[in-house]
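Note sheet for the following structure.
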Amino acid sequence: MTLQQSQLHPLEVNPQTGEPFLRLPAPHQNIIITPPREGDQSVLMQYMSDPAVYEWLARPVPYLPEDADSQVQLVIQHSDAILEYLRKSEEGFPNGPLQFVDASPVPHLREVKEDATDVFIGRIQFKRGPFEEVLDGAERKRTQEENACKQAGDPTIQFAVGYWLAASHHGRGIMTSAMGLLISTWAIPRMGARHVVAYTFAGNIGSKRVLERNGFVNRGSFDNGKMVRGEKKIITFFEWKA
């Protein structure tokens, strides 16, 4: 089987570690996107303790070791499940076609240093949409269930994308590039994504720029009663369609 036919396509594989990854295009070619790793917890705790990051996320403050471990283990579980499915699909479909999956197995952004070590700097994840924009609770639950029941690859699935980046790397275009790469090389061809939404807290100018530069349209703001750390949050809704 050629690399083009591999069920991991378009992921590259690190020849030393066997870890799959995507590399951002220039000028960010020193940034790769990989699966989560054991050990990411300590760095995650540092980032989630930075107001420049957690201000825009629904995360507890203080962010405790058990919070970090729970989050990393959950992401590892999801990533491992996708990679295992793709590896089994490679056995079952040695000559293709490429199988659809529900998410990306490579959500963690890492900066590769000159000595070839790397540092965890952020996350970008796709999942089936939570339909936050549906204000009626019963209707939202029904819509979520309908969306969840659709078979992987169904073009009518609504996906949602969420992300964060270390404050030290804000303003460089890294997340804009990462999102564009994942949508074009993974979400569209490997998830069958044709409809992706994103939700930001009102006032998050950085996220607004990332989304709009990737073709998302601002559909306005709404109040669905969401409370974060005891404060009501107004949500801005963004939508992308192929």
Side-chain angles (χ1 to χ4, degrees), residues 6-13 18-24 31-38 40 44 57-59 70-90 92-93 97-110 120-133 143-165 174-200 207 210-211 214-216 238-242:
S6 169
Q7 291 291 340
L8 292 178
H9 178 76
L11 302 180
E12 299 180 57
V13 177
E19 183 180 66
F21 69 94
L22 284 174
R23 185 180 301 277
L24 268 60
I31 306 295
I32 59 175
I33 318 177
T34 78
R37 302 173 189 161
E38 289 287 354
D40 286 343
L44 179 61
L57 302 173
R59 297 288 186 271
S70 175
Q71 181 61 218
V72 170
Q73 294 302 330
L74 181 63
V75 181
I76 287 176
Q77 179 183 349
H78 289 169
S79 178
D80 283 353
I82 296 169
L83 289 172
E84 179 64 18
Y85 173 76
L86 291 173
R87 288 173 180 130
K88 287 183 177 178
S89 295
E90 195 141 301
F93 301 92
L98 296 177
Q99 299 300 293
F100 287 115
V101 293
D102 259 348
S104 164
V106 289
H108 279 199
L109 278 73
R110 304 183 194 275
F120 174 36
I121 61 168
R123 178 186 296 155
I124 177 168
Q125 284 183 289
F126 293 88
K127 63 179 182 179
R128 297 214 182 187
F131 293 90
E132 297 274 8
E133 69 278 13
T143 308
Q144 289 171 342
E145 291 172 349
E146 287 181 356
N147 197 54
C149 288
K150 295 176 181 178
Q151 185 175 359
D154 187 326
T156 67
I157 294 172
Q158 184 192 97
F159 290 100
V161 61
Y163 51 91
W164 59 265
L165 188 68
I174 292 172
M175 190 55 75
T176 299
S177 179
M179 183 178 293
L181 177 68
L182 278 171
I183 288 176
S184 63
T185 67
W186 192 267
I188 292 174
R190 299 311 313 271
M191 295 164 55
R194 298 296 181 270
H195 186 194
V196 183
V197 302
Y199 308 93
T200 71
S207 279
V210 167
L211 292 164
N214 277 292
F216 284 74
F238 291 85
E239 186 175 40
W240 172 93
K241 290 187 176 182

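Counting only heavy atoms from C-beta outward, the side chains of Q151 and I157 never approach each other to under 4.5 Å. Annotation: side chain of D102 is not in contact with side chain of M191 (no heavy-atom distance under 4.5 Å). Using a 4.5 Å cut-off on side-chain heavy atoms (C-beta onward), F93 and Q99 make contact. L22 has its side chain out of reach of T34: every pair of non-hydrogen atoms, C-beta onward, lies at least 4.5 Å apart.
Paired with W240 under the rule side-chain contact (heavy atoms from CB on, under 4.5 Å), one option of V161, I183, V197, L211 passes, and it is I183. Of the options V210, L24, L182, N214, a side-chain contact (heavy atoms from CB on, under 4.5 Å) to S177 is made by L24 and by none of the others.
Under the 3.5 Å distance criterion, with hydrogens and angles disregarded, no donor-acceptor pair is assigned to the side chains of Q7 and Y85. H195 and E239 form a side-chain donor-acceptor contact under 3.5 Å, judged by distance and modelled atom types alone. With 3.5 Å as the limit, one finds no donor-acceptor pair spanning the side chains of S104 and Q125.
Within the model, atoms CD of Q158 and CZ of F131 stand 4.0 Å from one another, a figure rounded to the nearest 0.5 Å.
Evaluation of the salt bridge (Lys or Arg N to Asp or Glu O under 4.0 Å) rule for R59 yields no partner, not counting sequence neighbours. Residues meeting the salt bridge (Lys or Arg N to Asp or Glu O under 4.0 Å) test with R123, sequence neighbours left out: none.
Salt bridge status for R110 with D40: present, with a side-chain N to carboxylate O gap under 4.0 Å.
Crowding of K150 atom NZ: a count of heavy atoms from other residues, nucleotides or ligands under 6.0 Å exceeding 12.
Of all heavy-atom pairs spanning A103 and W186, the tightest one is O-NE1, 3.0 Å.
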